[in-house]
Amino acid sequence: MWSWLTKTVFSVVAALLVAKALQVISRVMRTGGKFPDAPSSRKNWFFGHALELSDPAKRVDIIDGWCEAVGTCEFRALSRRALVITEVEDVAKLSSLRPRTVQRSPLMRTLCDYFAPGVFTAEVPQWTVERRIVSPAFHSNARLSEYVPNIVKLSERLCEVVAGKEVAINATMNKFTLDSIGLLGFGQDIDTLRGGDDDAAMFTSCFAILAKRLMAPLPYCKLIPYFGERMDGGKARQRALFQFLEDVVRRGGPDRTVLAKLLEKNLGENNALTDERLVGNLATLFLAGTDTTGTTITWMVKHLAEDSTLQEEARIEARRFANRPDDFGTVPLLRSLFREVLRMEGPVAVLPLQNTTEPVVIAGRTVDPNEYTLIVALRFLGKHRLPPGEKDPTKFDAWRWVDRKEKDGLRPWPKALMPFGFGVRACPGKDLSELEALIAVGALLRRFEMTLVDDGKGPHGAKFAFTMIPSREIYVNFHPI
Ligand code: HEM
Ligand SMILES: *[C@@H]1O[C@H](CO)[C@@H](O)[C@H](O)[C@H]1NC(C)=O
Ligand SMILES: CC(=O)N[C@H]1CO[C@H](CO)[C@@H](O)[C@@H]1O
């Protein structure tokens, strides 16, 4: 009985694989090649550039290398063709075509929709409704100020947890941002900072599973019906996450939480969101807001810990910072550090978009609908397409954006720098992430002298794992002042 079943399952899987291979071959045979080819020495007629890209951690470094060599270029991974976009003008054009003509890449949408069916993966017309309901929760200084007490409370807890210790800062800062979204998102104190590892695992493992699915050589979830989505534990995770958030939505958010704002805004809507979509959007906030902000804080702390001059100067600023969004003018160096970290080590290094519904001209050539995945090389643009005259644009310089002559003490953002994306779909959480980062880092600076632990393995780098994350854990000592 069992051997019969195994054989059948095996045959079905084999047949599906063969069908997929035939499909790939037929697509490969069709011409592409409108743009300069990405210069890979391991290119192959069947796999295309996939072999070169097979180490997921190095993927973005390799793409950046191609951009440096030839600028806007195309590559192919099996049957998928992608166009890497490296010019500010082309990004501006794509930006003007959002959200209708240029959308998120279908692969990205399918992947993220699994755990977070919300505004990030929605497209028009649903996107318009959801963005209108979600965005106001992050809009104004007044709104953001309502979240301050909770962020301050958690920054004090963060200080308690690290005091006098050598700390794995990546793990710790991600717990801080996870707890922040829990508390200011819907008033639930998950407290992963002081334990609560099971809760932390519920959210962080979703990310790990997404990364695994994105890096898998074959889309096994779609390819293998029923079992695919269970093989990596994704189904169970998804159920647990949605159940947890359904409870949260049913209870309603206490005042001054994102959920309260969503529910309030939803009441006045003609196309009000269903409870499922509300759950999906809460999951979206976790997925979009935790690792991204956590990684950013991690790098900020790392740079402060390895540079005592920077740390001293930043500490002077931190001492006068009143933890309020309308007080950002007092901390230009900290904000410059935040911005420089996003530029060089930002969590989103490439932004994959969907093919257009109408042809669009990029780099002087017409791209047809369905022809390429459009990959905007955000990190490359921030390093290599700054206005001429920028000093050492490929070097990290925490002071780079400080300009005491400007009203807020900072130079204006150049067009090429887009760590939060661009156009109408740019990240709605950008001000919140800055607020969280400044409050947390400010609190640490006031309480501790920080020193980087030398693990003898050389400089720390970033690797691609769905978002860009530190390639290995970073340890910092927190000596109470
Ligand atoms: C340093 C931290 C963060 C970075 C670097 C970041 C970056 C991004 C980027 C690049 C996008 C895609 C934008 C585009 O398609 O043009 C995005 C979208 C989004 N982010 Fe963030 N993000 C951060 C923090 C947050 C936080 C804290 C939240 C909310 C709690 C958040 C919520 C969202 C949402 C809802 C979207 C989807 C917007 C849409 O599709 O209309 N993000 N983010
Ligand atoms: C950093 O933290 C994130 C979130 O907890 C985790 O997914 C990642 O594996 C960590 N990276 C390292 C190098 O520890
Ligand atoms: C892969 C992909 O997203 N293809 C889409 C490109 O645009 C056309 C026109 O809207 C769609 O029909 C394809 O599904």
Side-chain angles (χ1 to χ4, degrees), residues 57 91 94-95 98-99 102-105 108-109 112 116 118-124 126-128 130-135 137-138 144 147 151 168-178 180-182 184-185 192 197 200-201 203-211 258 280-300 338-339 341-343 345-354 376 378-379 382 418-437 460-463 465-475:
V91 181
L94 293 182
S95 176
R98 300 180 89 180
V102 170
Q103 310 186 329
R104 283 203 197 293
S105 100
M108 190 76 165
R109 269 162 61 194
C112 296
V119 61
F120 184 84
T121 56
E123 293 296 346
V124 280
Q126 182 67 16
W127 173 82
T128 317
E130 303 208 345
R131 179 88 190 197
R132 194 167 62 228
I133 292 171
V134 172
S135 290
F138 306 100
L144 290 176
Y147 307 135
I151 307 177
I169 58 170
N170 172 62
T172 307
M173 302 309 157
N174 278 298
K175 287 180 178 175
F176 168 77
T177 50
L178 185 62
S180 295
I181 303 278
L184 67 87
T192 61
D197 278 331
F203 295 100
T204 50
S205 64
C206 293
F207 239 115
I209 292 168
L210 278 189
V258 176
N281 273 296
L282 286 188
T284 300
L285 299 185
F286 270 107
L287 223 55
T290 303
D291 277 39
T292 48
T293 313
T295 306
T296 307
I297 299 177
T298 299
W299 286 117
M300 287 173 79
F338 175 76
R339 193 184 294 186
V341 160
L342 287 175
R343 185 176 80 89
E345 289 137 351
V348 188
V350 287
L351 190 61
L353 298 175
Q354 198 198 25
V376 180
L378 294 179
R379 187 177 72 178
M418 300 173 258
F420 293 105
F422 48 83
V424 290
R425 295 203 70 159
C427 177
K430 71 180 193 342
D431 296 332
L432 177 63
S433 69
E434 185 166 13
L435 184 65
E436 280 180 47
H460 289 275
K463 70 172 182 191
F466 192 63
T467 53
M468 299 300 285
I469 62 172
S471 58
R472 61 178 198 276
E473 187 50 276
I474 304 172
Y475 294 89

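Read the numbers this way: they start at 1 and go in the same order the structure lists the ligands and their atoms.
Note: Tyr147 and Phe138 have tilted aromatic rings, judged against thresholds of 30 and 60 degrees for the angle between ring planes.
Side-chain N or O atoms of Glu123 include one that pairs as donor or acceptor with a backbone N or O of Arg104 at under 3.5 Å. When atom types are taken as modelled, the side chain of Ser205 and the backbone of Ala208 share no donor-acceptor pair closer than 3.5 angstrom. Remark: side-chain polar atoms of Arg343 are paired, donor with acceptor, to backbone N or O of Gly382 under 3.5 angstrom. Checking side-chain atoms of Glu436 against main-chain N and O of Thr293 turns up no donor-acceptor pair under 3.5 Å. Under a 3.5 Å cut-off, the side chain of Ser95 and the backbone N or O of Val91 do not form any donor-acceptor pair. Looking at Ser105, its side chain never comes within 3.5 Å of a backbone N or O of Gln354 through a donor-acceptor pair.
Each of the following atoms of ligand 1 lies closer than 4.0 Å to a heavy atom of Ile181: 30 (C). Every atom of ligand 1 with a heavy atom of Val348 under 4.0 Å away is listed here by number and element: 7 (C), 10 (C). Of all atoms in ligand 1, listed by their number and element, those nearer than 4.0 Å to a heavy atom of Gly289 are 25 (C), 26 (C), 27 (C), 28 (C). Within ligand 1, counting atoms from 1 as listed, the ones closer than 4.0 Å to a heavy atom of Phe422 are 16 (O).
Nearest to atom 19 (C) of ligand 1 by heavy atom, out of Pro428, Gly429, Cys112, is Pro428. Considering Arg131, Arg104, Met108 only, the shortest heavy-atom separation from atom 40 (O) of ligand 1 involves Arg104. Residue Ser433 holds the heavy atom nearest to atom 2 (C) of ligand 1 of all those in Ala437, Ala137, Gly423, Ser433. Scanning Gly294, Pro99, Ala288 for the heavy atom closest to atom 32 (C) of ligand 1 points to Ala288. Of the listed options Ala426, Pro419, Pro352, Pro419 places a heavy atom closest to atom 10 (C) of ligand 1.
Residues that satisfy the side-chain contact (heavy atoms from CB on, under 4.5 Å) test with Ala288, not counting sequence neighbours, are absent from this structure. Not a single salt bridge (charged side-chain N to carboxylate O under 4.0 Å, His left out) links Arg339 to another residue, sequence neighbours left out. Listed by chain and number, the residues in a ring-ring contact (aromatic ring centres under 6.0 Å, His included) with Tyr475 amount to none (sequence neighbours excluded).
Of the protein's non-hydrogen atoms, Arg425 O, 3.2 Å is the one closest to atom 13 (C) of ligand 1.
Of all heavy-atom pairs spanning Val124 and Pro99, the tightest one is CG1-CG, 3.7 Å.
Heavy atoms of Trp127 found under 4.0 angstrom from ligand 1 belong exclusively to the side chain. The residue Glu436 has no part lying near ligand 1, judged by heavy-atom distances below 4.0 Å.
In this structure, ligand 2 sits under 4.0 Å from heavy atoms belonging to Asn170, Asn174, Thr204, Asp291, Ile469, Pro470, Arg472, Glu473.
Remark: of the listed residues Asp291, Val341, Thr296, Thr296 is the sole one forming a side-chain contact (heavy atoms from CB on, under 4.5 Å) with Pro347.
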